[in-house]
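Residue numbers count from 1 along this sequence. Computed over heavy atoms, backbone and side chain alike; hydrogens, waters and symmetry mates excluded. Treat the numbers as computed from the prediction; the structure is a model and nothing was measured.
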Amino acid sequence: MHPFRFGVTMSRAASAEAWVAAARRAEELGYDILLMPDHLGSQLSPIAALTAAAAATTRLRVGSYVFANDYRHPLVLAREAATLDWLSGGRFELGLGAGWNATDYRKLGLHYDPPPRRIDRLSEAVPLVKRLLAGEVVDHEGPHYRLDGGHVGPVPVQRPRPPLLIGGGGPRMLRLAAREADIVALQPQFDPRGRPMLGQATEGATERKIAILREASGPRFEELELNVIVGDAALVGSGRSARESLLAATKSAATGLVGTPYVLYGTLGQLRDRLLRRRDRLGISYYAISGHAMEAMAPLVAALAGR
């Protein structure tokens, strides 16, 4: 059973100083890792921003959540990841997915292929990236990628390589993650237009995804760290204003009726017990919390991180 850890997801700040201050505050509050998405809107560029966050902190890990495979050749991605791990002193975690945001594809002038084709490319890319990060010189000629003496330099600090997170929600993505990942980010599956299928955000749907993982991974299931991204979170009470506490209590009641791991509402005691029970039942131990809730959820982090 993995100990609990908590990440904070951020993508923008009002200034460079504010970005650095937010990273330092996350570290001060006990968060384990700062995570960034990979989109082409108004967010900061993740590689540069994660490097700045790592340089401003001493313990905080940094990670992609997740890089879209189609935006970078595996050798380019592996070199960026290796350098980021080297510059951070071994504090980088590589999150990788098949790509889902149709708007990003349009901006890049890339065809938004059906999921099977995007997953085909990811399935070929992942073993290549892993070999490169392990320090191998790679020759490869496949249906989607070619490498001729590809290698990274400098090699990552973490050996044999930085941890690999694969995010996905469909059966094929889950089976890929079961084979290749160290960390699995459980997500609702996306429809062919790149929209999340909200019916898959329930506790029951998550349990079925974990059953697929368990079957596909076999003996290594116990080694997998299971993660969910928390879309919204709030504590009832804990010194909050009456209005904030009432809103959190209302959301907590609604969440209890629906049953989903992707939001966290309730008192500190309720959430602590809920996460402990869920870990015992499903194995989920790693939660990525939105930056806007970083301060509010700090008591939960203090109560469970490392346990």
Salt-bridge test for Asp273 and Arg278: reply yes if a basic N is under 4.0 Å from a carboxylate O, no otherwise. no
Any non-hydrogen side-chain atom of Arg25 less than 4.5 Å from a side-chain atom of Glu295? yes
Within 6.0 angstrom of Arg281 CZ, more than 12 heavy atoms from elsewhere: yes
Just so I know, are the side chains of Leu275 and Leu304 near enough to count as touching, which here means a heavy-atom distance under 4.5 Å? yes
With side chains defined as the heavy atoms from C-beta onward, is the minimum distance between Val62 and Thr57 less than 4.5 Å? no
Tell me whether Leu271 is reachable from Leu29 by hopping between hydrophobic residues (I, L, V, M, F, W, Y) whose side-chain heavy atoms are closer than 4.5 Å. yes
Please check if Leu213 and Ile229 belong to a single hydrophobic cluster, counting links between Ile, Leu, Val, Met, Phe, Trp and Tyr side chain heavy atoms closer than 4.5 Å. no
Given side chains that start at C-beta, do those of Phe92 and Pro156 come closer than 4.5 Å, heavy atoms only? no
For Ala303 against Leu268, the heavy-atom pair lying closest together: CB-CD1, 4.4 Å
dist Phe67:CZ -> Leu96:CG (nearest 0.5 Å) comes out at 9.0 Å
Least distance between heavy atoms, Leu44 atom then Ala13 atom: CD1-N, 4.4 Å
Work out which heavy atom in Pro261 is nearest to a heavy atom in Ala201; give both atom names and the distance. CD-O, 3.6 Å
Measuring only between side-chain heavy atoms, which start at C-beta, is Leu94 closer than 4.5 Å to Asp85? no
Nearest-0.5 Å distance that lies between atom CZ in Arg79 and atom CG in Leu84: 13.5 Å
Is it the case that atom CG in Asp139 sees more than 12 heavy atoms from other parts of the structure closer than 6.0 Å? yes
Criterion side chain to side chain contact (heavy atoms under 4.5 Å, CB included) on Thr260 and Glu203, from CA distance to verdict: CA-CA 5 Å; Thr260 175; Glu203 197 95 14; 5.6 Å; no
Are any of the side-chain heavy atoms of Thr9 and Pro37 separated by less than 4.5 Å? no
Would the distance check show the side chain of Glu27 and the main-chain N or O of Thr58 forming a donor-acceptor pair, the cut-off being under 3.5 Å? yes
Is there a path of hydrophobic side-chain contacts, each under 4.5 Å between heavy atoms of I, L, V, M, F, W or Y residues, that connects Ile212 with Val228? yes
Yes or no on side chain to side chain contact (heavy atoms under 4.5 Å, CB included) for Arg12 and Trp19, after CA distance, side-chain angles and deciding distance? CA-CA 7 Å; Arg12 59 179 64 88; Trp19 178 256; 5.9 Å; no
Do the side chains of Leu133 and Arg159 get nearer than 4.5 Å, heavy atoms only? no
With Leu186 as partner, the option from Ile284, Leu282, Asn227 fulfilling side-chain contact (heavy atoms from CB on, under 4.5 Å) is Ile284
Are Lys209 and Gln200 close enough that a side-chain donor and a side-chain acceptor fall under 3.5 Å? yes
Counting heavy atoms not belonging to Arg146, are there more than 12 under 6.0 Å from its CZ? no
Centre of Tyr112's six-membered ring, under 6.0 Å away, within 45 degrees of the axis: is that where NZ or CZ of Arg118 sits? yes
Asp120 vs Arg172, salt bridge (Lys or Arg N to Asp or Glu O under 4.0 Å): CA-CA, chis, key distance, verdict: CA-CA 10 Å; Asp120 283 345; Arg172 190 175 171 204; 2.4 Å; yes
Taking the side chain from Arg117 and the backbone from Pro114, do they hold a donor-acceptor pair closer than 3.5 Å? no
Using 0.5 Å steps for rounding, measure from the CG atom of Leu40 to the OG1 atom of Thr103. 9.5 Å
Evaluate whether atom CD of Glu215 has more than 12 neighbouring non-hydrogen atoms of other residues, nucleotides or ligands under 6.0 angstrom away. no
A cation-pi test, strictly: NZ or CZ of Arg5 under 6.0 Å from the centre of the six-membered ring of Tyr286 and no more than 45 degrees from its axis. Yes or no? yes
Whether Thr202 side chain and Ala205 backbone form a donor-acceptor pair below 3.5 Å: yes
Just by distance, do the side chain of His2 and the backbone of Glu223 share a donor-acceptor pair under 3.5 Å? yes
Heavy-atom distance under 4.5 Å between the side chains of Arg61 and Pro163, does that happen here? yes
Is the backbone of Gly41 close enough, under 3.5 Å, to the side chain of His39 for a donor and an acceptor to pair up by distance? no
Hey, what do you get for CD1 (Ile33) to CZ (Arg59), rounding to the nearest 0.5 Å? 10.5 Å
Contact summary for Leu174 and Gly168, nearest pair of heavy atoms: CD2-O, 3.8 Å
Would you please test Gln270 and Tyr265 for side chain to side chain contact (heavy atoms under 4.5 Å, CB included) and show each step? CA-CA 9 Å; Gln270 287 171 338; Tyr265 302 122; over 6 Å; no
Does Asn69 form a side chain to side chain contact (heavy atoms under 4.5 Å, CB included) with Arg121? I'd like the steps, not just the answer. CA-CA 8 Å; Asn69 176 65; Arg121 291 191 289 267; 3.9 Å; yes
Answer with yes or no whether the side chains of Asp104 and Tyr71 bring together a donor and an acceptor at under 3.5 Å. yes
Check whether Ser15 reaches the backbone of Ala18 with its side chain - one donor and one acceptor, N or O, closer than 3.5 Å. yes
Heavy-atom closest pair (Ala68 atom, Gly99 atom, distance to 0.1 Å) is CB-CA, 4.0 Å
Nearest 0.5 Å, what's the CG-CG distance between Leu75 and Leu128? 9.5 Å
Just by distance, with hydrogens left out, do Arg272 and Thr267 show a side-chain donor and acceptor under 3.5 Å apart? no
Give the ring-plane orientation class for Phe6 versus Tyr287, where under 30° counts as parallel, over 60° as perpendicular and anything between as tilted. parallel
Shortest non-hydrogen separation from Met36 to Ala49 and the atoms involved: SD-CB, 3.5 Å
Would you call Arg72-Glu80 a salt bridge at under 4.0 Å N-O? no
If two hydrophobic side chains count as joined below 4.5 Å and joins carry through other members, does Ile183 share a cluster with Leu164? no
Out of curiosity, does Trp86 fall in the hydrophobic cluster containing Leu60 (side-chain heavy atoms, cut-off under 4.5 Å, transitive links)? no
Quick one: OG on Ser285 to CZ on Arg307, what's the gap to the nearest 0.5 Å? 13.0 Å
Regarding Tyr65 and Asp38, is there a side-chain donor-to-acceptor distance under 3.5 Å anywhere? no
Is a side-chain donor-acceptor pair under 3.5 Å present for His140 with Glu124? yes
